[in-house]
Amino acid sequence: MFSTSRAGLLLLAVLLGGCSSSAPSGSPDFRPGAPGAGDPYFPTYGNGGYDVSGYDVNVRYDPATKTLRGTATITATATQDLSKFDLDLARLAASKVTVDGAAATSSANGNELVITPATGIRINRKFTIIVDYSGSPGQLANKTLGDGGWLNTTDGALALGQPESASTWFPVNDHPSDKATFQLEMTVPDGLSVLSIGVPGPKTTAGGWTTWRWTENSPLASYLSTVIIGKYRVTTTTHDGKPMITAVPDSLPADGPAAKSLARTGEIADFLATQFGPYPFDAYGGIVVNDDRIRYALETQSRPTYSASFFATDPNPVVIAHELAHQWFGDSVALERWQDIWLNEGFATYAEWLWQQHAGTDTMASIFDRTYRGFDWNQTPGDPGVEHLFGDAVYDRGGMTVYALRETIGDAAFATLLTTWTSTYKDRNADTAELIKMAEQVSGKDLGAFFQSWLYGKTAPPRP
């Protein structure tokens, strides 16, 4: 994520997966799945008792009435003997739920959809949930971090936000620790575009309505999904043999700074691949949103979303570099818990510095020095707290931590760390402890004091 409010800027171990398919032994112990994933910062986000492998969402949205009607097919595996379980679904109502084809009982409990299957689900068993739902979607209120999720716009709608947003338009296990693949079919009135993530599929039109299709075959954290509906100029090309889809609203100039910035996506991604390893997804691109309520950029998987405010007067390749870096750090390698968000933002900030040095507009050493001199060291990135989840410590001190790590272990070991990290944890989740362990392995150094100082200390760490 890249926020316009950041001064000085141009703007666990593995994925819960690999469950055995063998039949469980012994008598079942059916219990409800937890109504939250247990994240220390957001205990009620997500749910427990199962692991989702894929979402297939089929939605029809009418901007005239601001109503949404959809069917979501969710494939999952039980991680315990389940008597019932929850999905996250906000401001929308389920009309019918089945589990493996049998009618299930469901009820709403705030933003939770509580589902009781006809029979208990044994641990390690794969099962399929189908939810028919509808309503008038809206925002998830968050007094600390700002509202997120579905917004109606003058010509359509959009769904975007961090740390949660997906539950405002489809039923979901809305926490990064449960990554899953994603397919979308969305039907809207003719003349509107539907932009989302992944590889585009065929469009079909009937009776004044058009259905758009998108598929993301790499598992994603649910907040990295998006849908944007409106009047757009959509450019479709290929890059490195993969589809490249960029989209700029009709309300912005066709040859303006936003379009010129997006046009550099392939170039910037290729440069970052020389540092971080192969680009991790099947598609490239970017989407610009021209709405004053969106004042940030978000690393929506394979196709970042950018506020038009980043391109108000001039092209801005730095914000492009930041969000593309997240495709490796935050998207492909995702968080296990929100406390470790510096792993996303620190490496993305470091990528900004890399790009500026590569482009000849600044040097990494000078950017580090300016940031170091002006920083308030009371802010810590390793455990920022919910209030400072998107604060300067996570971004700027996180970036300084990455730069200082490179200076401490040396260029060769650091280069090995980057590519080993992104390949080892590709399509998975990881945390700070695992980064420290890997950094020590590739460098042969004890880095406990280094990370304690840079991530948690309240005084300025020694300059590297």
Check your understanding: Heavy atoms, side chains only, cut-off 4.5 Å: are Y133 and F170 in contact?
Key -> yes
Point to revise | Shortest non-hydrogen contact from Q327 toward E299 | key: NE2-O, 3.7 Å
Point to revise | Ionic contact status for D291 with R293, cut-off 4.0 Å | key: yes
Check your understanding: Does any non-hydrogen side-chain atom of S193 lie less than 4.5 Å from one of I229?
Key -> no
**Study point:** Side-chain H-bond candidate by donor/acceptor type, N111 with D88, under 3.5 Å
**Key:** no
Practice item. Apply the side-chain hydrogen bond (donor to acceptor under 3.5 Å, both in side chains) test between S53 and each candidate in T181, T75, T77; give the one that qualifies. Key: T75
**Study point:** Beyond-backbone contact of T305 with I228, side-chain heavy atoms, under 4.5 angstrom
**Key:** yes
**Study point:** Flag for Y425-D431: side-chain donor and acceptor within less than 3.5 Å
**Key:** no
**Study point:** ring-ring contact (aromatic ring centres under 6.0 Å, His included) between F276 and Y350, worked out
**Key:** CA-CA 12 Å; F276 303 151; Y350 174 81; 7.2 Å; no
Review point. Where does the angle between the aromatic ring planes of Y284 and Y279 fall among parallel (under 30°), tilted (30 to 60°) and perpendicular (over 60°)?
Key: parallel
Review point. Are the side chains of S261 and F310 in touch, meaning some heavy atoms are under 4.5 Å apart?
Key: no
Review point. Looking at side-chain heavy atoms only, is the closest gap between T226 and I197 below 4.5 Å?
Key: yes
**Study point:** Lys/Arg-Asp/Glu bridge criterion (N-O < 4.0 Å) met for K179, D331
**Key:** no
